[in-house]
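Just so we're clear, the structure is a prediction, and the values are computed from it rather than from any experiment.
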Amino acid sequence: MYPKLETERLLLRKFKMSDAKSVQKLAGEKEIYETTLNIPHPYEDGMAESWIGTHIEHFKEKKSLTLAIINKKDKQLIGAIGLSFMRYNKAEIGYWIGKDFWDQGFCTEAGKALVDYAFTALGMNKIIGRHLFINPSSGRVMQKIGMRKEGTFEDDVLKDSYYHDIVYWGITFATWTELRDDK
Ligand SMILES: CC(C)(COP(=O)(O)OP(=O)(O)OC[C@H]1O[C@@H](n2cnc3c(N)ncnc32)[C@H](O)[C@@H]1OP(=O)(O)O)[C@@H](O)C(=O)NCCC(=O)NCCS
């Protein structure tokens, strides 16, 4: 069954087609495109519907899990978070938050819940995360989730005519268990 997670302030649930207009508005901001690798810009009509239309199939095929981040207070969509499944019981976390909602701890709160779910319900052994070197706030989110910086890969991706360094982070099941037991 497609997961639904709840935190103090957030509901993480499956995207609905009715979220498409909000996705287009939020993910369509230039600031979201600038620090991500797979979000189109301009974000044209129909793109959000196509993207949402892949989620159930991709989850069934164990390719990825994508969840809408909803603010419980006003039921508004504020972002997206997900996992891309890899070999060896490993998955990569990815996320974006609409820019009006930045720096309020929402991504960290959603990320912690998703990592907990990956280790407790999905049998993952390691969660990794990657961000452009020029995007320290994503690194800070990974740090607050409990991930450790594993290294920087030089000129690892080409985006908008520039080669970018990529910072790799990870948390293993063993480390996650230690952190949980220390609480
Ligand atoms: C990265 C992103 C998801 C963070 O979401 P968020 O909800 O604002 O994250 P949080 O509030 O949980 O944490 C952000 C942290 O970054 C810090 N931060 C913000 N700007 C920063 C900067 N320029 N340098 C260093 N840290 C910064 C914040 O202060 C906060 O840390 P704190 O709690 O210690 O103060 C959001 O900025 C975003 O969607 N960016 C565009 C898309 C993107 O980059 N996605 C990730 C691709 S890897």
Side-chain angles (χ1 to χ4, degrees), residues 5-13 22-23 25-39 41 43 64-73 76-86 90-120 122 124-160 162-183:
L5 312 178
E6 198 172 341
T7 67
E8 198 185 325
R9 295 178 296 168
L10 305 170
L11 184 65
L12 309 185
R13 60 138 169 89
S22 306
V23 169
K25 181 170 175 285
L26 298 176
E29 298 277 9
K30 187 94 192 287
E31 288 86 346
I32 303 288
Y33 165 79
E34 278 168 346
T35 52
T36 51
L37 296 175
N38 299 312
I39 297 182
H41 194 81
Y43 207 113
S64 56
L65 165 64
T66 306
L67 292 164
I69 306 177
I70 309 292
N71 189 343
K72 286 203 288 195
K73 215 167 158 185
Q76 255 198 75
L77 177 81
I78 60 168
I81 190 158
L83 294 171
S84 297
F85 300 107
M86 305 160 84
K90 192 163 67 175
E92 178 176 358
I93 193 166
Y95 40 70
W96 57 262
I97 298 285
K99 72 172 182 181
D100 289 351
F101 312 108
W102 286 3
D103 296 338
Q104 297 174 54
F106 287 131
C107 193
T108 304
E109 192 169 321
K112 278 184 182 163
L114 186 58
V115 167
D116 288 355
Y117 181 77
F119 287 133
T120 54
L122 299 176
M124 291 293 119
N125 181 59
K126 184 170 185 181
I127 304 300
I128 67 146
R130 295 182 294 162
H131 66 83
L132 298 178
F133 183 81
I134 54 157
N135 187 19
S137 57
S138 183
R140 179 75 184 122
V141 167
M142 292 183 200
Q143 185 183 31
K144 289 193 291 177
I145 289 174
M147 299 171 92
R148 290 179 185 159
K149 196 189 286 184
E150 296 195 345
T152 302
F153 285 53
E154 284 180 16
D155 284 357
D156 210 39
V157 298
L158 178 63
K159 182 179 169 71
D160 298 335
Y162 289 99
Y163 289 104
H164 287 263
D165 291 358
I166 293 277
V167 189
Y168 276 66
W169 294 72
I171 182 167
T172 60
F173 179 66
T175 304
W176 174 83
T177 309
E178 268 172 42
L179 292 174
R180 188 192 51 183
D181 292 348
D182 286 349
K183 272 187 195 154

If you measure from [atom1] on [X] to [atom2] on [Y], what distance do you get to the nearest 0.5 Å?
X: Ile70; Y: Arg13; atom1: CD1; atom2: CZ; result: 3.5 Å
X: Met124; Y: Leu83; atom1: CE; atom2: CG; result: 8.0 Å
X: Leu26; Y: Ile78; atom1: CG; atom2: CD1; result: 9.0 Å
X: Asp160; Y: Glu34; atom1: CG; atom2: CD; result: 8.5 Å
X: Ile127; Y: Met142; atom1: CD1; atom2: CE; result: 11.5 Å
X: Ile93; Y: Trp169; atom1: CD1; atom2: CH2; result: 13.0 Å

Do [X] and [Y] have side chains that get closer than 4.5 Å, going by heavy atoms?
X: Leu132; Y: Leu37; value: yes
X: Tyr163; Y: Glu154; value: no
X: Leu5; Y: Asp116; value: no
X: Gln104; Y: Ile97; value: no

Nearest non-hydrogen partners of [X] and [Y], listed with the distance:
X: Ile69; Y: Ala110; answer: CD1-CB, 3.9 Å
X: Gly139; Y: His131; answer: CA-NE2, 3.2 Å
X: Ile171; Y: Gly146; answer: CD1-O, 3.5 Å
X: Ile39; Y: Trp96; answer: CD1-CD1, 3.4 Å

Determine whether a donor-acceptor pair (N or O, by modelled atom type, separation under 3.5 Å) exists between the side chain of [X] and the backbone of [Y].
X: Lys72; Y: Glu8; result: yes
X: His41; Y: Gly28; result: yes
X: Thr36; Y: Ile32; result: yes
X: Tyr95; Y: Thr108; result: no
X: Lys99; Y: Lys30; result: no

Tell me which pairs pass salt bridge (charged side-chain N to carboxylate O under 4.0 Å, His left out) where either residue lies in residues 129-153, with sequence neighbours left out.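 Output for this query lists Glu92-Arg130, Lys126-Glu150.
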Residue pairs passing the salt bridge (charged side-chain N to carboxylate O under 4.0 Å, His left out) test where at least one lies in residues 100-111, sequence neighbours excluded: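 Listed once each, the pairs are Arg9-Glu109.
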Please indicate whether Lys25 has more than 12 foreign heavy atoms, meaning atoms of other residues, nucleotides or ligands, lying under 6.0 Å from its NZ. no
Around atom CG of Asp155, are there more than 12 heavy atoms of other residues, nucleotides or ligands at under 6.0 Å? yes
After noting the C-alpha distance and the side-chain angles of Phe85 and Leu65, does the key distance pass the side chain to side chain contact (heavy atoms under 4.5 Å, CB included) rule? CA-CA 8 Å; Phe85 300 107; Leu65 165 64; 4.0 Å; yes
Chi angles and distances behind the side chain to side chain contact (heavy atoms under 4.5 Å, CB included) call for Phe101, Leu77: CA-CA 10 Å; Phe101 312 108; Leu77 177 81; over 6 Å; no
For Phe173, enumerate each residue passing the ring pair (Phe, Tyr, Trp, His ring centres under 6.0 Å) test, keeping only those at least two apart in sequence or located in another chain.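 Applying ring pair (Phe, Tyr, Trp, His ring centres under 6.0 Å) to Phe173 gives Phe119, Trp176.
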Please assess Tyr168 against Asp156 for the test side chain to side chain contact (heavy atoms under 4.5 Å, CB included), listing each intermediate value before the final yes or no. CA-CA 11 Å; Tyr168 276 66; Asp156 210 39; 3.6 Å; yes
